[in-house]
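I have placed the structure first, in the form of structure tokens, so that the comments after it can refer back to it.
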Amino acid sequence: QVQLVESGGGLVQAGGSLRLSCAASGNAFSTYYMSWFRQAPGKEREFVAGISRYLGNTYYADSVKGRFTTSRDNAKNAVYLEMNSLKPEDTAVYYCAAQRSFSGRWHYSLVEYWGQGTQVTVSS
């Protein structure tokens, strides 16, 4: 089992940057595929970025490709989301997520553990 706690959200102007962090506690963090999802009011939770367990292969939603970067530090039990060139449509609650298997598709229904979420608001 793993517990996840996000930090780093806040209010930023369009074009600005934020860095989200997710601290994990529990066993065998390095064996989990880690990801970031977001959910805006009235919308379904959507995949943002993911990273594999050992090689650190990364995956991104088309809407954030080229602007967001995810990374992990298995020695620190942490995963990060660097967000640049933020847009008002990036406004949402961002969630850190963990799963032990990956079959090529990122979807909220496949996530095993969630963080509590952190609010990101981008003003125009």
Side-chain angles (χ1 to χ4, degrees):
Q1 193 170 2
V2 63
Q3 293 80 42
L4 306 171
V5 178
E6 302 97 335
S7 61
L11 173 64
V12 64
Q13 287 189 331
S17 298
L18 280 175
R19 186 182 193 231
L20 304 184
S21 298
C22 174
S25 59
N27 296 325
F29 170 76
S30 62
T31 66
Y32 287 87
Y33 294 85
M34 300 300 297
S35 56
W36 294 90
F37 285 74
R38 67 186 181 188
Q39 188 165 21
K43 293 191 175 182
E44 189 173 90
R45 192 168 295 190
E46 64 173 359
F47 168 74
V48 175
I51 186 165
S52 66
R53 297 180 296 182
Y54 306 117
L55 295 180
N57 296 326
T58 55
Y59 308 80
Y60 299 96
D62 287 343
S63 59
V64 307
K65 208 169 287 185
R67 300 188 297 123
F68 290 13
T69 302
T70 190
S71 60
R72 67 189 297 163
D73 187 336
N74 287 339
K76 295 183 178 180
N77 281 14
V79 63
Y80 308 99
L81 184 67
E82 186 76 33
M83 305 185 293
N84 298 314
S85 302
L86 283 162
K87 305 175 181 179
E89 52 264 43
D90 293 319
T91 295
V93 177
Y94 283 70
Y95 297 91
C96 178
Q99 60 193 75
R100 283 171 287 191
S101 62
F102 176 63
S103 59
R105 184 173 77 105
W106 299 95
H107 192 267
Y108 66 81
S109 64
L110 303 175
V111 170
E112 295 179 61
Y113 302 101
W114 293 99
Q116 84 287 353
T118 185
Q119 177 70 47
V120 171
T121 303
V122 184
S123 63
S124 57

Kindly give the heavy-atom pair with the smallest separation between Ala40 and Ala92, and that separation in Å.
-> N-CB, 3.9 Å
Heavy-atom closest contact (Ala98 atom, Val2 atom, distance) | CB-CG1, 4.0 Å
First locate atom OH of Tyr80, then atom CG of Leu20, and finally report the distance between them rounded to the nearest 0.5 Å.
-> 12.0 Å
Nearest 0.5 Å, what's the NZ-OG1 distance between Lys65 and Thr58?
-> 9.5 Å
Could you pull out the closest heavy-atom pair between Thr70 and Gly50, with the gap in Å?
-> CG2-O, 3.6 Å
Validation row: Glu89, Val122 side chains within 4.5 angstrom (heavy atoms) | no
Minimum side-chain heavy-atom gap Tyr59-Ser35 below 4.5 Å | no
Within a strict 4.5 Å, meaning less than it, do heavy atoms of the Cys96 and Trp36 side chains meet?
-> yes
Value for CG (Asn77) from SG (Cys22), rounded to nearest 0.5 Å, stands at 10.0 Å
How long is the span from the CG atom in Asn57 to the OG atom in Ser52, to the nearest 0.5 Å?
-> 4.0 Å
Among Trp114, Tyr113, Tyr95, Tyr108, which one satisfies ring pair (Phe, Tyr, Trp, His ring centres under 6.0 Å) with Phe37?
-> Trp114
Same apolar cluster (I L V M F W Y, side chains within < 4.5 Å links), Tyr33/Ile51 | no
Report yes or no: do Tyr60 and Val48 belong to one cluster of Ile/Leu/Val/Met/Phe/Trp/Tyr joined by side chain heavy-atom distances under 4.5 Å?
-> yes
For salt bridge (charged side-chain N to carboxylate O under 4.0 Å, His left out), just list the numbers for Asp90 and Lys87, CA-CA rounded to whole Å, side-chain angles, deciding distance to a tenth of an Å, and then say yes or no.
-> CA-CA 5 Å; Asp90 293 319; Lys87 305 175 181 179; over 6 Å; no
Shared hydrophobic cluster for Phe47 and Val79 (ILVMFWY, side-chain gaps under 4.5 Å) = no
Distance in Å, Phe29 CZ paired with Met34 CE, rounded so as to fall on 0.5 Å steps | 4.5 Å
Check: Trp106 and Val111 side chains under 4.5 Å, non-hydrogen atoms = no
What do the steps show when you test Phe68 against Leu86 for side-chain contact (heavy atoms from CB on, under 4.5 Å), and what is the final call?
-> CA-CA 9 Å; Phe68 290 13; Leu86 283 162; 3.8 Å; yes
Ser85 to Ser17 - nearest heavy-atom pair and separation | N-OG, 4.4 Å
Summary of salt bridge (charged side-chain N to carboxylate O under 4.0 Å, His left out) pairs that have at least one residue in residues 39-61, sequence neighbours excluded = Arg38-Glu46
Picking from Met83, Gln119, Gln39, Glu6, what satisfies side chain to side chain contact (heavy atoms under 4.5 Å, CB included) with Tyr94?
-> Met83
